[in-house]
Participant: 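Following this message is one structure expressed as structure tokens.
Note on naming: letters A, B, ... go to the chains in the order of the sequence lines (proteins, then strands), and numbering restarts at 1 for each one.
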Amino acid sequence: MVGLDNADKKVTDFLGGIHPPYEKRDTEGLRIEKAPLPERVIVPLSQHIGSPCSPVVKVGDHVRKGDKIGETSGVVSSPVHASVSGRVTAIAPFPHPNGRDVLSIVIESDGKDEWGDGPPERKDYLRLDPGLLKEIILEAGIVGLGGAAFPTYVKLNPPKGKKIDTIILNGAECEPYLTADHRIMAERPHEVVEGLRILMKILGVDKGYIGVEENKPDAILNLKKAASNGSATGVQVKKLPAKYPQGGEKQLIKAILNREVPSGGLPMDLGVLVQNVGTAMMVYRAARFGRPLIERVITITGKGIKRPRNLEVRIGTRISEVIKECGGFSGVPGKVIIGGPMMGMAQYTLDVPVVKGTTGIIVLPKDSIVFEEDRACIRCGMCVKVCPMGLIPNMISIYSELKQFDDAVQYRPFDCIECGCCAYVCPSKRPLVQLIRHLKSELSTKRSMAG
Amino acid sequence: MEENELIVSPWPHIRSEVSVSKIMWSVVFALIPATFAGIYIFGYKALEVVLLCTSTALISEALALKVMGKDITIISDGSAVLTGLLLGLNLPPGSPWWISVTGSVVAIAIGKQVYGGLGFNPFNPALVARVFLLISFPVEMTRWELPHPILSGVDAVSGATPLGALQMGRLTGKGLGDAANLNLMDAFIGNIGGSIGEISAAALLLGAIYLLYKGYITWHIPVSMIAAVFIFSGIFWVIDPARYASPSFHILTGGLILGAFYMATDMVTSPITTKGQLMFGIGCGLLTIIIRMWGGYPEGVSFSILLMNALTPLIDKYVRPSHFGAKKDAAGTI
């Protein structure tokens with residue numbers, strides 16, 4: 001333990017960033033509880049970055065929990081599984097938290113909650129062949145649970161010539177309000193550490209880090225205990241400053257390794273793989289118990305929720321049911337946000353399901369929402385100071401407004417990680433992230449048409 | 001509850017409480033001590049100048065917005081009040097009413113609204129107006145008064161500002177001339193001749209500390225500007241103290257403190273990067289001393305800031321913040 005403490009000292013602060021009110025107090029001390037079995041689940045066939053799955057069941061089929069119901073359709077893809085046992089009642093487009101309607105499989109629960117015939121339990125999971133472990137992760141439908149939902153299997157297969165030598169688990173959870181990862185690390189540190197060891201085994205890596213913001217001391221302590229247990233060598237827990245966006249992949253690598261992912265590059269260019277702590281837990285469960293990803297921990301909180309909680313929820317549960325489990329709304333809800341308040345999406349309907357990338361549900365009461373008209377940039381430079389990528393967000397946004405997309409390239413819009421720090425501080429209340437996204441998409445369209 | 005009542009808006013869903021109007025009104029608030037100092041030293045006539053400038057600026061802003069078909073409620077953001085106040089503080093205490101009115105209309109109409117309003121103006125509007133007045137009405141704009149504090153019973157008497165005295169000494173070959181007699185404590189407190197708002201360094205610094213504390217200005221521009229004045233004037237003073245005024249004289253007289261903390265820091269017309277702001281401040285300081293030492297005007301703060309305003313787009317084009325991932329993994333070690 002003494003030796004591990006020394007590791008805290010070598011952490012680098014990243015450039016820029018903000019300190020929004022953290023608002024985690026309501027849920028950071030609450031144990032993860034299992035949500036009751038939902039009556040019906042809506043499982044979208046696209047819950048990940050990449051091509052959507054194709055259904056392998058028909059309306060009327062009986063499925064058991066863990067049965068694969070959507071099969072991968074491309075290299076970058078991830079299967080989906082039944083999260084309850086019951087009957088398939090519809091395969092049709094349904095509202096998705098991303099704002100679009102997505103082809104989804106609806107299962108009415110039979111209340112029995114029976115497991116299907118999945119892969120076997122394996123006590124010797126750390127001695128399995130890396131190829132088999134990767135197959136298990138692919139088949140379990142594991143994607144990045146930090147929100148981006150990139151298929152984990154793909155990340156474990158770096159292209160030829162790229163050698164991964166370091167794995168970092170992202171336990172920063174820098175988004176305000178959210179505490180799901182915090183609770184996972186505090187309550188299930190063993191599963192997180194074992195998940196990391198499996199990932200290290202797959203890639204033949206001997207350096208593994210878990211980066212946690214300093215505002216989660218119990219998580220840090222418990223992870224350190226788990227990491228120093230038994231044969232878990234090479235795993236270091238790093239205490240990071242609490243600053244948004246500490247959990248940005250590039251910022252995390254900078255903090256822990258003091259190395260910068262080159263502009264336009266990926267972590268693998270530095271030989272680094274980053275995974276969320278919840279993802280590592282799922283990797284462990286898949287390898288150890290043969291369990292596919294059919295449930296996840298989310299935080300339901302905000303002033304608009306009667307009883308904030310950290311719940312382990314079946315994928316596909318409608319958020320209206322989840323909110324009911326938390327005592328319903330407190331007052332008149334104004335915004336229902338899926339994800340964190342910095343990068344999450346405001347929902348127009350409560351019929352959307354919890355998906356693999358859902359980190360939380362935040363409800364803000366109507367009377368707390370201030371609508372502010374945006375106005376012209378006054379060139380105050382606050383966005384420049386807080387940009388963690390060292391960009392000049394106001395200039396990119398102005399070029400976007402003027403539709404002079406090509407002229408903005410010199411300002412490196414594609415380095416923008418869309419964290420929202422610039423918009424958070426902007427005194428003119430400009431929608432900077434959306435203006436930059438618009439510019440990026442215009443440029444991408446142009447490029448793909450030219451190419 | 002009806003589902004269609006949910007509010008959908010883009011992220012981030014939380015925002016800081018800083019707003020344009022909060023910044024503008026805070027600067028107005030920070031200028032209150034200096035305004036009171038000016039009114040105390042020069043009497044109620046100074047109050048009249050300040051009120052006339054502020055109200056004319058507001059009316060001009062309202063008219064301009066109306067003519068252009070824009071939302072008129074934007075006048076409550078404090079920017080027009082601030083422009084008017086800054087212009088008033090930059091005028092001689094005994095200015096006739098039409099100087100205040102003409103200046104304020106020029107500041108708002110030509111300094112700001114013709115470009116499209118706040119955010120688009122390349123030059124500091126109050127300084128545009130001040131320089132316009134100085135060039136157009138040199139007699140009225142250089143008729144200075146000696147301090148005659150309220151309740152002191154002293155009547156307004158015209159007299160030279162310390163910088164005016166310095167220029168007179170230079171032009172008549174008398175070295176420092178009357179400027180040699182300046183009591184620096186008087187200059188710090190504000191017991192000297194000059195524009196209404198520029199005389200009391202103490203009152204100006206009080207407001208500046210508030211703005212620095214709130215983060216609405218940063219130290220980069222004022223410190224680099226004052227440091228440039230200090231070093232540049234100091235070099236000449238060390239060489240020949242009989243001919244050149246001391247650095248503290250240059251810092252405490254004229255509009256340097258007012259300009260450095262309240263005009264050069266104008267967000268719209270100064271560079272956005274800290275590196276650029278340092279260059280901007282140094283440029284302002286150097287030009288100020290060049291004009292004061294060799295120029296046709298005794299004071300150079302307004303001109304120097306306007307000239308640097310003109311260079312701001314160029315500075316912003318070439319000075320960029322250090323950008324994440326620019327180096328090819330320089331450290332490379334763990």
Participant: When only pairs under 4.5 Å are counted, which of B:Ser21, B:Ser270, B:Pro10 shares the most heavy-atom pairs with chain A?
Facilitator: B:Pro10
Participant: May I ask you to name which of B:Ser322, B:Gly119, B:Ser19 has the most heavy-atom pairs under 4.5 Å with chain A?
Facilitator: B:Ser19
Participant: Counting only heavy atoms not in A:Lys366, do more than 12 fall under 6.0 Å of its NZ?
Facilitator: yes
Participant: Does A:Lys243 make a cation-pi contact with A:Phe14, if we ask for NZ or CZ under 6.0 Å from the ring centre and within 45° of the axis?
Facilitator: yes
Participant: Using non-hydrogen atoms only, which part of A:Met382 is less than 4.5 Å away from chain B: side chain, backbone, both, or neither?
Facilitator: side chain
Participant: So what's closer than 4.5 Å to chain B heavy atoms on A:Gln410: side chain, backbone, both or neither?
Facilitator: both
Participant: Below 4.5 Å from any heavy atom of chain A, which atoms of B:Ile23 appear? Answer side chain, backbone, both or neither.
Facilitator: side chain
Participant: Think B:Arg320 forms a cation-pi with A:Tyr411, using NZ or CZ under 6.0 Å from the six-ring centre and within 45 degrees of its axis?
Facilitator: yes
Participant: Using heavy-atom distances under 4.5 Å, tell me whether A:Asn394 contacts chain B through its side chain, its backbone, both, or neither.
Facilitator: side chain
Participant: For chain A, which of B:Thr273, B:Thr274, B:Val20, B:Val18 has the most heavy-atom pairs under 4.5 Å?
Facilitator: B:Val20
Participant: Contact part of B:Ser79 toward chain A, heavy-atom cut-off under 4.5 Å: side chain, backbone, both or neither?
Facilitator: neither
Participant: Need one label for A:Lys250: side chain, backbone, both or neither, based on atoms under 4.5 Å from any heavy atom in chain B.
Facilitator: both
Participant: More than 12 non-hydrogen atoms from neighbouring residues, nucleotides or ligands closer than 6.0 Å to CD on B:Glu17, yes or no?
Facilitator: no
Participant: Identify which part of B:Thr218 has an atom lying under 4.5 Å from any heavy atom of chain A, answering side chain, backbone, both or neither.
Facilitator: side chain
Participant: Can you say whether A:Pro388 sits under 4.5 Å from chain B via the side chain, the backbone, both, or neither, judging by heavy atoms?
Facilitator: backbone
Participant: A:Ile337 versus chain B, heavy atoms under 4.5 Å apart: side chain, backbone, both or neither?
Facilitator: side chain
Participant: Considering only heavy atoms, which portion of A:Cys380 lies under 4.5 Å from any heavy atom of chain B: side chain, backbone, both, or neither?
Facilitator: both
Participant: Taking the side chain as C-beta and beyond, is there a heavy-atom pair between A:Val386 and A:Tyr424 under 4.5 Å?
Facilitator: no
Participant: Would you say B:Lys70 has more than 12 foreign heavy atoms packed within less than 6.0 Å of its NZ?
Facilitator: yes
Participant: Counting only heavy atoms not in A:Lys163, do more than 12 fall under 6.0 Å of its NZ?
Facilitator: yes
Participant: Heavy-atom pairs under 4.5 Å with chain A - which of B:Met267, B:Gln277, B:His13 has more of them than the others?
Facilitator: B:His13
Participant: Between B:Thr269, B:Asp77, B:Asp71, which has the largest tally of heavy atom pairs under 4.5 Å with chain A?
Facilitator: B:Asp77
Participant: Heavy atoms, side chains only, cut-off 4.5 Å: are B:Met263 and B:Asn90 in contact?
Facilitator: yes
Participant: Check for a donor-acceptor pair, side chain of A:His19 on one end and backbone N or O of A:Tyr244 on the other, with a separation under 3.5 Å.
Facilitator: no
Participant: Has A:Phe414 got more than 12 heavy atoms of other residues, nucleotides or ligands less than 6.0 Å from its CZ?
Facilitator: yes
